[in-house]
Amino acid sequence: MRVIFLGPPGAGKGTQAKIFAKKYGIIHLSTGDILRSAVMSGSKLGKQVQSLMDSGDLISDTLINQIVSKRIDDKDCLNGFVLDGYPRTIMQAIAFQDLLVLKRSVLDAVFELKVDEDGLLKRIRTRVSDAFERGYPIRSDDDFKVFSKRILEFRKKSFLVSQYYAKIGLLKIVDGRADINKVALEIETLLSKGRDSRIKDMETG
């Protein structure tokens, strides 16, 4: 099972990706985890990432594609993986699809969690309130200005990525406004429908 989770910051894609990975016994790969793993490996790619991070420069599509390619070749990805936060751009999406073809692999689905901005802001406020009440530090990405910037960046880049996966028949839209269990159930339902559709096409084809 190989799937991708897309969605704006705060939409809960990381939570759903973890639930999905646990259910199917596959590895959950977030972009942050992949980059940290590359840096810790001390590899040539990892050193490039470290250098860019130290200088505050953006990591290019080419470099992130190479790192993801190397990561999904690891043994723990043999049975599948859940990608969370990648691809972020249309160039990454196209390159990753070409990469899977070269590896003789395929994606089973791409789930995009849809949540309105008001809903996202409410989640951020709730998270900050909970952290404050428990005496936990406030996450930097819960800052309103930081959050707004991330939303704008997601808007600019995600539309083309969603369009691309919709065009090749992999995109499944999920209502991320429901509670965690209902969202997980909708994801499972959409996945089952996709499987039934593919089986039907094979039988009629």
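- Listed here is the closest heavy atom pair of Met53 and Val39: SD-CG2, 4.3 Å.
- Looking only at distances, a side-chain donor or acceptor of Lys13 sits under 3.5 Å from a matching main-chain atom of Gly7.
- When all heavy atoms of Ala93 and Pro87 are compared, the pair lying nearest together is N-CB, 3.5 Å.
- Residues Tyr164 and Leu171 are not in side-chain contact: their nearest non-hydrogen atoms beyond the backbone lie 4.5 Å or more apart.
- With contacts defined as side-chain heavy-atom distances shorter than 4.5 Å, the pair Val3/Val110 does not qualify.
- Between the CG atom in Leu6 and the CZ atom in Arg88 there is a gap of 10.0 Å [rounded to 0.5 Å].
- Salt-bridge annotation for Lys70 and Asp73: absent, with no side-chain N of the basic residue lying under 4.0 Å from a carboxylate O of the acidic one.
- Ser51 places no side-chain N or O within donor-acceptor distance of the main-chain N or O of Lys47, the cut-off being under 3.5 Å.
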Problem - Steps toward side-chain contact (heavy atoms from CB on, under 4.5 Å) verdict (Lys193, Lys172) - result: CA-CA 10 Å; Lys193 286 181 179 178; Lys172 300 182 186 302; over 6 Å; no

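- Taken together through direct or relayed side-chain contacts under 4.5 Å among Ile, Leu, Val, Met, Phe, Trp and Tyr, Ile168 and Val161 form part of one hydrophobic cluster.
- Using a 3.5 Å distance cut-off with no hydrogens or angles, the side chains of Arg71 and Ser37 do not pair a donor with an acceptor.
- Thr31 places a side-chain N or O within donor-acceptor distance of the main-chain N or O of Gly85, the cut-off being under 3.5 Å.
- Heavy atoms of other residues, nucleotides or ligands lying less than 6.0 angstrom from NZ of Lys182 number 12 at most.
- Residue Ala11 comes nearest to Leu113 through the heavy atom pair O-CD2, 3.5 Å, listed as atom of the first residue, atom of the second, then distance.
- The closest side-chain donor-acceptor pair between Asn65 and Tyr86 falls under 3.5 angstrom.
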Problem - Verdict with reasoning, Gln48 to Ser43, per side-chain contact (heavy atoms from CB on, under 4.5 Å) - result: CA-CA 9 Å; Gln48 289 181 54; Ser43 66; over 6 Å; no

Practice task
Given side-chain contact (heavy atoms from CB on, under 4.5 Å), test Gln97 with Leu170 step by step and report yes or no.
Solution key: CA-CA 11 Å; Gln97 198 66 12; Leu170 286 172; 4.2 Å; yes

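- Contact detail for Val183 and Ala178: the closest heavy-atom pair is CG2-O, 3.6 Å.
- Note that the CD1 atom of Ile19 and the CZ atom of Phe5 stand 8.5 Å from one another [nearest 0.5 Å].
- With hydrogens and angles ignored, the 3.5 Å screen pairs no side-chain donor or acceptor of Asp84 with any backbone N or O of Ala17.
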Practice task
Would you check, one step at a time, whether the test side-chain contact (heavy atoms from CB on, under 4.5 Å) holds for Asp116 with Arg177?
Solution key: CA-CA 8 Å; Asp116 61 69; Arg177 294 172 297 180; 3.5 Å; yes

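- Note that the CE atom of Met91 and the NZ atom of Lys157 stand 13.0 Å from one another [nearest 0.5 Å].
- Within the 4.5 Å cutoff, the side chain of Val82 has no heavy atoms near those of the Ile27 side chain.
- Note that NZ of Lys44 is 9.0 Å distant from CD of Gln66, once rounded to the nearest 0.5 Å.
- Summarising the local packing, CG of Asp175 is surrounded by more than 12 heavy atoms from other residues, nucleotides or ligands at distances under 6.0 Å.
- Inter-residue side-chain proximity for Val106 and Arg2 is flagged as unmet; no heavy-atom pair is nearer than 4.5 Å.
- Placement of Phe111 and Leu185 in two distinct hydrophobic clusters is found when ILVMFWY residues are connected by side-chain heavy-atom separations under 4.5 Å, directly or transitively.
- Taken from OG in Ser192 to CD1 in Ile187, the straight-line distance is 12.0 Å, to the nearest 0.5 Å.
- When hydrophobic clusters are built by joining Ile, Leu, Val, Met, Phe, Trp and Tyr residues whose side-chain heavy atoms come closer than 4.5 Å, directly or via intermediates, Ile67 is grouped together with Ile72.
- Counting non-hydrogen atoms of other residues, nucleotides and ligands closer than 6.0 Å to CG of Leu160 gives a total above 12.
- Counting heavy atoms from C-beta outward, Asp98 and Ile94 have side chains that approach closer than 4.5 Å.
- The closest donor-acceptor contact from the side chain of Asp74 to the backbone of Cys77 lies at 3.5 Å or more, if one exists at all.
- Between the side chains of Thr62 and Ser60, no donor-acceptor pair is found at a separation under 3.5 Å.
- Using a 4.5 Å heavy-atom cutoff, the side chains of Phe96 and Ile64 are not in contact.
- Annotation: side chain of Leu35 is in contact with side chain of Ile59 (closest heavy-atom distance under 4.5 Å).
- Here Asp76 contributes atom CG and Leu78 contributes atom CG; the two are 8.0 Å apart, rounded to the nearest 0.5 Å.
- Contact of the Ile34 side chain with the Leu83 side chain is registered, since non-hydrogen atoms from C-beta on lie closer than 4.5 Å.
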